[in-house]
Amino acid sequence: MSEDCIFCQIVDGEIPARTVYEDESVTAFLDANPLSAGHTLVIPRDHHARLADLPADLAADLFGAIHRLGPAIESAVDADAANVGFNDGEAAGQEVPHVHGHIVPRFEGDGGAPIHAVGGDRPDLSDEELDGIAEDVASNLG
Ligand code: 5GP
Ligand code: ZN
């Protein structure tokens, strides 16, 4: 638990939330300022700031919960689709430094945007640069 973390306080019941799912490692609750009806946050109960900080088993539990919740949420609000994503780090828009996945139900003609809209200016990368990036990623994985 991180003392001044609002999501840790939700896990501990100190701040009320509309909880929709709970197990021993994961909790999910409705976003207080929803982008659409049914907008849900899925979080590990333990405090970790970034996705890469999660132990592998907790990352698997988190995705397992997201996988279960998606259809339940879409059905509850009669959505046509959903965007599922993480703001992973401050530069990516993460405001609460406790890992949380967003499930944002989407509706035909709702005026929203696809996840491609999150990027800034698109880079103009050469084939050589793309090859280099792919090689660096692969070698970082060992
Ligand atoms: P972020 O930008 O960190 O990915 O998103 C944080 C999300 O948490 C926002 O969508 C915001 O509406 C939501 N949020 C912030 N404080 C609270 C709270 O106290 N309760 C709930 N349910 N959601 C919150
Ligand atoms: Zn926390």
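Remember, it's 1-based here, ligands and their atoms both numbered in the order they're listed.
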Requested in this report: Check each heavy atom of Phe86 against ligand 1 and say whether those closer than 4.0 Å belong to the side chain, the backbone, both or neither.
Outcome: neither

Report task. Output the atom name for the N/O/S atom of His98 with the smallest distance to the Zn ion (ligand 2). Result -> ND1

**Report entry** Expected output: side-chain Ser36 to main-chain Pro105 donor-acceptor under 3.5 Å
**Finding:** yes

Query raised in the report: Considering distance alone, does some N or O of Leu30 sit under 3.5 Å from an N or O of ligand 1?
Result: yes

Query raised in the report: Taking atom 20 (N) of ligand 1 as the point of reference, which of Ile43, Ile10, Asp31, Leu41 owns the nearest heavy atom?
Result: Ile10

Query raised in the report: Which N, O or S atom name in His47 marks its closest approach to the Zn ion (ligand 2)?
Result: ND1

Report summary line: Numbered in order shown, the ligand 1 atoms found under 4.0 Å of a heavy atom of Glu95 are 1 (P), 2 (O), 3 (O)

Query raised in the report: Do other residues, nucleotides or ligands put more than 12 heavy atoms under 6.0 Å from Arg106 CZ?
Result: yes

Query raised in the report: Should Val104 and Ile73 be regarded as members of a common hydrophobic cluster, given that ILVMFWY residues are connected when their side-chain heavy atoms come within less than 4.5 Å of each other, either directly or indirectly?
Result: no

Query - Any Tyr21 side-chain heavy atom under 4.5 Å of Thr40 side chain - result: no

**Report entry** Check: Glu108 main-chain N/O paired with Asp80 side-chain donor or acceptor under 3.5 Å
**Finding:** yes

Query raised in the report: Tell me, which protein residue and heavy-atom name are nearest atom 2 (O) of ligand 1, and how many Å apart are they?
Result: Gly93 O, 2.9 Å

Query raised in the report: For Glu129, does the CD atom sit with more than 12 other heavy atoms under 6.0 Å from it, leaving out its own atoms?
Result: yes

Report summary line: Within the 4.0 Å heavy-atom cut-off, what His102 brings close to ligand 1 is side chain

Query raised in the report: Could a heavy atom of Phe7 be found less than 4.0 Å from some atom of ligand 1?
Result: yes

Requested in this report: Please identify which atoms of ligand 1 are closer than 4.0 Å to at least one heavy atom of Ile6.
Outcome: 15 (C), 16 (N), 17 (C)

Query raised in the report: Taking the Zn ion (ligand 2) as the vertex, what is the angle from SG of Cys5 to SG of Cys8, given to 10 degrees?
Result: 120°

Requested in this report: Check whether any side-chain N or O of Asp12 sits under 3.5 Å from a backbone N or O of Glu14 as a donor-acceptor pair, and report yes or no.
Outcome: no

Query raised in the report: Should Ala17 be listed as contacting ligand 1, given a heavy-atom distance under 4.0 Å as the test?
Result: no

Query raised in the report: Looking at ligand 1, does any of its N/O atoms fall within less than 3.5 Å of an N/O of His100?
Result: yes

Requested in this report: Look at the aromatic rings of His39 and His102 and report parallel, tilted or perpendicular, splitting at 30° and 60°.
Outcome: tilted

Query - Glu24 with Arg45: basic N within carboxylate O range, under 4.0 Å - result: no

Query raised in the report: Donor-acceptor pair, Asp88 side chain versus Leu51 backbone, under 3.5 Å?
Result: yes

Query raised in the report: Quick one: does Asn87 get an N or O within less than 3.5 Å of an N or O on ligand 1?
Result: yes

Query raised in the report: Looking at ligand 1, does any of its N/O atoms fall within less than 3.5 Å of an N/O of Ala32?
Result: yes

